[in-house]
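One structure is given here, and the rest of the page talks about it.
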Amino acid sequence: MVLKVEDVASNFIHDIIDKDLQEGLAEEIHTRFPPEPNGYLHIGSAKAIWINYTIAKKYGGKFNLRYDDTNPVKEEEEYVISIEEDLMWLGAIPSGGIFYGSDYFDQCYEYAKKLIIDGKAYVCDLSQEQMSEYRGTLTEGGKESPYRNRSVRENLELFEKMKAGAFAEGECTLRAKIDMSSSNMNMRDPVLYRIIYASHHRQGDKWCIYPMYDFAHPIQDAQEGITHSLCSIEFENHRPLYDWVIDNIGVSHKPHQYEFARLNMTYTVMSKRYLRKLVETNVVDGWDDPRMPTLCGLRRKGYTPSAIFEFISKSGVSKTFSIADVKFLEHCLCTELNETAQRRIAVTQPLSVIITNYPSNEIEYFDISNNPQKPEQGKRSLPFTNELYIEQSDFLVEPAPGFKRLVLGGEVRLMGAYILKCNEVEYDEKGNAAKLLCTVDLETKNNKPADGRKVRGTIHWLSAGHTLDAQFRIYNQLFNKENVSSLLEDDNFEEFLDPDSLEVYDNCKMELALEHAKTGENIQFVRQGYYVKDSKHDGVFNRTAPLKSSYRPK
RNA sequence: UGGGCUGUAGCCAAGCGGUAAGGCACCAGACUUUGACUCUGGCAUUCGUUGGUUCGAACCCAGCCAGCCCAACCA
């Protein structure tokens, strides 16, 4: 079980439910996650999933997955499949079942007819432009449609014809008769049904009229016995319409809508529309690019469901607009992986070391802990020879103040092995250190020096003859602007794209044990970060997160 | 400019009339064969603001200010 419901802190929605339970307004709690299959799920979706799932779990109720598929031109089967995959990966099993909003099209249609009969809905012939004019503005009420007072009989006939395909797209709509002077734009005779000649991914060509979200959603909730219909805050203005539909279609079970603030993260775009654009313009490698905030992207990057939920849980649920720090997500991940990830050694940018006082034909093995804090995770043996690789960044000819690693004439601990001293440097034609000639203090094999001298640095190493080649991919934020969610209206968020969001290192060396690395298995490359084997390309390892470092070179 | 919602530290966020939880970040130290982890200490005399009510206000009232959402036949 990935979700630890016991640990879930209460929030304002829990308070509402407690009260409803106490006052007998609800008996069994029933929630739902209603994604539109028009894109891949992202970490913001995970927040909605988490809220709904944990509520059902906490109150012993049920949790539905329901595809909100009322607009055939935007929705695709591919997304339906991915949504279920992601939900299963998260471990948020829909205990109440999996449903499709489109399965209620017949009921929606019947309810629409009931509204017409009750004189609460009418067929309107206004064009889109006209309707917009008639709607009025934020500060002025609208005008009533000239078609508002058609007879029930005429409306019924017209609606029937709409359904039968007698009209072209846009020729007419079915509208609720509410209040054109309402200060809430949503109540100014909202459209209930529109004509769309498009095949539906489940209904095929059965329909050419499709219900709008505002009409379909409360019906779906009522059908499924949802008690608390939770959505994000931009739907707050829609609640009066939600209630209007519930009150006027005549259902005994009356679900209620509550709103919470959606998840925003620093340096991250969350809108599906923009994520799709990133995919379509090839800024990223697909929906599952590890830089994407999509669940499949996070998965490919090495994130775990538990870390994602930990982050969401600890971030809290409120109605306040907020932007969570991606660093906090990373912190939740690292806290978990520090416990679970086995340690391995890899050298990202190799620098050759020849140990001049170690026999060239000798090989010995050092047992290295798989996790020093978790001895139960065991050890593995690493071969040691006179030719090693160390990290280029672990050697400096002209060390900055505070540099604790290897310098010419200095000593450093080879992790789990000897103390190494650098005696001579060979340079390449560009003047960079290419090879170090070193000696090893054979007395310090896993021991402190007998003379008590202090060697402060510890570096990782690999025997040059015993490595695997790999490519490391290091992912940084896609955007270099902290608050990208605020400029969603500009179409040109491209100018904030960080050109260095992907760093590729070829020629990386890893210890032999990585031959058996599995996709999804988190490992820590010691002193560097957490990595996973890429699920798409062989020999590629993705950095999930770097290790923190208090070293600040001047 | 109409309506709705929101304002507690750099970032999240508890708090629900009795005197500002917690986490992240940050700073200072300890420990360290991962500059990781861990540990210790520091970090809001004040809750957007101004008044009012009260023995007592972040909590109640009024005004003001700021931010977000709404004028798709999208969700």
Side-chain angles (χ1 to χ4, degrees), chain A residues 9-11 15 34-36 38 68-71 73-75 124 126-128 131-133 135-142 169-175 182-188 190-196 209-210 212-214 216-217 231-240 259 261 266 272-273 311 314-325 327-332 334-335 338-339 343 345 368-369 371-373 402-405 412-417 419 444 446-448 455-460 482 486 524-529 546-553:
Chain A
S10 187
N11 58 51
D15 294 343
E36 182 187 17
N38 66 342
D68 203 347
D69 54 354
T70 56
N71 187 348
V73 306
K74 292 197 170 181
E75 295 142 12
C124 180
L126 249 28
S127 70
Q128 212 160 142
M131 202 184 287
S132 175
E133 278 171 41
R135 187 154 26 232
T137 66
L138 293 177
T139 49
E140 294 164 40
E169 275 187 25
E171 213 174 320
C172 54
T173 57
L174 182 74
R175 292 227 259 167
S182 173
S183 55
N184 183 340
M185 303 294 288
N186 295 122
M187 300 300 271
R188 320 240 263 227
V191 170
L192 264 21
Y193 263 95
R194 76 291 215 190
I195 298 169
I196 301 176
I209 54 170
Y210 291 91
M212 299 287 288
Y213 166 87
D214 284 320
H217 207 88
C231 61
S232 47
I233 219 133
E234 62 269 31
F235 288 99
E236 211 154 23
N237 293 329
H238 294 245
R239 192 174 50 214
E259 310 84 16
T266 53
K272 270 197 247 178
R273 184 180 149 216
F311 162 70
K314 282 195 165 170
S315 292
V317 178
S318 73
K319 298 187 73 162
T320 316
F321 174 86
S322 63
I323 305 177
D325 195 340
K327 285 286 172 196
F328 184 51
L329 206 212
E330 199 168 281
H331 167 263
C332 293
C334 290
T335 302
N338 182 47
E339 299 287 314
R343 267 107 256 225
I345 291 179
I368 310 276
S369 177
N371 187 341
Q373 276 120 74
F403 188 74
K404 300 203 302 195
R405 284 107 96 157
V412 81
R413 164 70 65 179
L414 292 176
M415 187 181 287
I419 286 176
T444 59
N446 245 325
N447 273 319
K448 296 218 184 324
V455 174
R456 292 184 60 213
T458 300
I459 65 171
H460 56 279
E482 189 172 81
S486 73
Q524 184 197 99
F525 284 138
V526 147
R527 299 212 307 131
Q528 308 203 78
L547 249 28
K548 280 199 279 187
S549 173
S550 57
Y551 175 51
R552 303 268 182 278

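Order of the sequence lines sets the chain letters (A, B, ...), proteins ahead of strands, with each chain counted from 1.
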Query raised in the report: A:S232 side chain to A:E234 main-chain N or O, any donor-acceptor pair under 3.5 Å?
Result: no

Query raised in the report: What nucleotide, of B:rU6, B:rC74, B:rU34, holds the atom closest to the side chain of A:L547?
Result: B:rU34

**Report entry** Range-with-range stems for RNA chain B, at least three Watson-Crick or G-U pairs under 3.5 Å
**Finding:** B:2-7 with B:65-70, B:10-12 with B:22-24, B:26-30 with B:38-42, B:48-52 with B:60-64

Query raised in the report: When the distance from CG of A:N11 to P of B:rC16 is rounded to whole Å, what number comes out?
Result: 16 Å

Report summary line: Against the side chain of A:S549, the closest entry in B:rC74, B:rC73, B:rG35 is B:rG35

Query raised in the report: Nearest of B:rU34, B:rG3, B:rG35 to any side-chain atom of A:S183?
Result: B:rG3

Report summary line: Between CE of A:M415 and P of B:rU32 the distance, given in whole Å, is 15 Å

Query - Under 3.5 Å donor-acceptor, A:R343 side chain and A:V526 backbone - result: no

Requested in this report: Calculate, to the nearest 0.5 Å, the distance between atoms CG and NE2 belonging to A:N186 and A:H238 respectively.
Outcome: 4.0 Å

Query raised in the report: Considering only side-chain heavy atoms of A:S315, which listed nucleotide, B:rC73, B:rG35, B:rC12, is closest?
Result: B:rC12

At a cut-off of 3.5 Å, list every protein nitrogen or oxygen paired with a nitrogen or oxygen from nucleotides 37-42 of chain B, distance to 0.1 Å.
{"from": "B:rC37", "atom 1": "OP1", "to": "A:K548", "atom 2": "NZ", "distance (Å)": "3.2"}
{"from": "B:rC37", "atom 1": "O2'", "to": "A:N338", "atom 2": "ND2", "distance (Å)": "2.8"}
{"from": "B:rC37", "atom 1": "O2'", "to": "A:Q373", "atom 2": "OE1", "distance (Å)": "3.3"}

Query raised in the report: Going from CG on A:D69 to NZ on A:K74, what distance comes out if it is rounded to the nearest 0.5 angstrom?
Result: 14.0 Å

Report summary line: Closest of B:rC16, B:rG35, B:rC73 to the A:Q128 side chain is B:rC73

Query - Residue list, ring-ring contact (aromatic ring centres under 6.0 Å, His included) with A:Y213, at least two apart or on another chain - result: A:H217, A:F235

Query - Residue A:M212, side-chain heavy atoms: nucleotide from B:rU34, B:rA75, B:rA36 that is nearest - result: B:rA75

Report task. Take atom P in B:rU1 and the same atom in B:rC65, then report the distance between them in whole Å. Result -> 8 Å

Query raised in the report: Is there side-chain contact between A:M131 and A:Q128, with heavy atoms separated by less than 4.5 Å?
Result: no

Query raised in the report: Looking for any heavy atom pair under 4.0 Å, which part of the strands does A:G402 touch: base, sugar-phosphate only, or nothing?
Result: base

Query - Between C1' of B:rC74 and CZ of A:F235, the distance in whole Å - result: 9 Å

Query raised in the report: With sequence neighbours left out, what residues match A:N38 under side-chain hydrogen bond (donor to acceptor under 3.5 Å, both in side chains)?
Result: A:E36, A:K272

Query raised in the report: Which part of the nucleic acid does A:V317 contact within heavy-atom distance under 4.0 Å: base, sugar-phosphate only, or nothing?
Result: sugar-phosphate

Query raised in the report: Looking only at atom P, what distance separates B:rG51 and B:rA21, rounded to whole Å?
Result: 26 Å

Requested in this report: For the side chain of A:S318, starting at C-beta, report the closest nucleotide among B:rA13, B:rG2, B:rC74.
Outcome: B:rA13

Report summary line: Here the distance between atom P of B:rA25 and atom NZ of A:K314, to the nearest Å, is 11 Å

Report summary line: Taking B:rC74, B:rU34, B:rC69 as options, the one with an atom nearest any side-chain atom of A:R343 is B:rU34

Query - Between B:rG17 and B:rC64 - C1' atom distance, rounded Å - result: 24 Å

Report task. Using only heavy-atom distances, decide whether a donor-acceptor pair under 3.5 angstrom links the side-chain of A:R405 to the base of B:rG35. Result -> yes

Requested in this report: Rounded to whole angstrom, note down the P distance from B:rC24 over to B:rC39.
Outcome: 10 Å

Requested in this report: List for me each residue that meets salt bridge (Lys or Arg N to Asp or Glu O under 4.0 Å) alongside A:E169, sequence neighbours excluded, and say none if there are none.
Outcome: none

Between the protein and nucleotides 9-11 of chain B, are there any N/O to N/O pairs under 3.5 Å, and if so, what are the atom names and distances?
{"from": "B:rC11", "atom 1": "O2'", "to": "A:I323", "atom 2": "O", "distance (Å)": "3.2"}

Query - Sequence-distant partners of A:S132, side-chain hydrogen bond (donor to acceptor under 3.5 Å, both in side chains), two or more places apart - result: none

Requested in this report: Please report, rounded to the nearest Å, how far the P atom of B:rA75 is from the OH atom of A:Y193.
Outcome: 12 Å

Report task. May I have the step-by-step check of side chain to side chain contact (heavy atoms under 4.5 Å, CB included) for A:R175 and A:V191, ending in yes or no? Result -> CA-CA 4 Å; A:R175 292 227 259 167; A:V191 170; 4.0 Å; yes

Query - Closest-nucleotide ordering on RNA chain B, the 5'-leading residue of A:K404 and A:K327 - result: A:K327

Query raised in the report: Separation of A:R188 atom CZ from B:rC73 atom P, in whole Å?
Result: 13 Å

Query raised in the report: Picking from B:rC73, B:rU34, B:rC69, which would you name as closest to the side chain of A:N371?
Result: B:rU34

**Report entry** With sequence neighbours excluded, residues passing ring-ring contact (aromatic ring centres under 6.0 Å, His included) with A:F525
**Finding:** A:F472, A:Y531

Requested in this report: Looking only at side-chain atoms of A:F403, point me to the closest of B:rG35, B:rU34, B:rG3.
Outcome: B:rG35

Requested in this report: Round to a whole Å and report the spacing from CG of A:N237 to P of B:rC5.
Outcome: 9 Å

Query raised in the report: Who pairs with A:R194 by salt bridge (Lys or Arg N to Asp or Glu O under 4.0 Å), at least two apart in sequence or on another chain?
Result: none

Report task. Evaluate whether the aromatic ring of A:Y213 and the six-membered ring of the B:rA75 base sit under 5.5 Å apart, centre to centre, with an inclination under 30°. Result -> no

Query raised in the report: What is the nucleic acid contact for A:L126, judged by heavy atoms within less than 4.0 Å: base, sugar-phosphate only, or nothing?
Result: base

Query - A:R239: partners by salt bridge (Lys or Arg N to Asp or Glu O under 4.0 Å), with sequence neighbours left out - result: A:E259

Query raised in the report: Can you name the residues that form a side-chain contact (heavy atoms from CB on, under 4.5 Å) with A:T320, not counting sequence neighbours?
Result: A:S318

Query raised in the report: NA contact type, A:K272, heavy-atom cut-off 4.0 Å: base, sugar-phosphate, or nothing?
Result: nothing

Query raised in the report: For A:R405, which residues count as a salt bridge (Lys or Arg N to Asp or Glu O under 4.0 Å) partner, sequence neighbours excluded?
Result: A:D394

Requested in this report: Take atom C1' in B:rG35 and the same atom in B:rG29, then report the distance between them in whole Å.
Outcome: 15 Å

**Report entry** C1' spacing across the pair B:rG18 / B:rC59, given as an integer number of angstrom
**Finding:** 12 Å

Report task. Determine the Euclidean distance between corresponding C1' atoms of B:rA57 and B:rA25; express it in Å to zero decimal places. Result -> 31 Å

Query raised in the report: Using atom P of each nucleotide, how far apart are B:rA44 and B:rG7 to the nearest Å?
Result: 22 Å

Requested in this report: Would you state whether a donor and an acceptor, one from the side chain of A:R413 and one from the base of B:rU33, lie under 3.5 Å apart?
Outcome: yes

Query raised in the report: How is A:T139 classified with respect to the nucleic acid when contacts are heavy atoms under 4.0 Å: base, sugar-phosphate, or nothing?
Result: base

Report task. Name the residue closer to the 5' end of RNA chain B, choosing between A:V526 and A:A261 according to the nucleotide with the nearest heavy atom. Result -> A:A261

Query - Atom-pair distance (NZ on A:K319; C1' on B:rG4), nearest Å - result: 9 Å

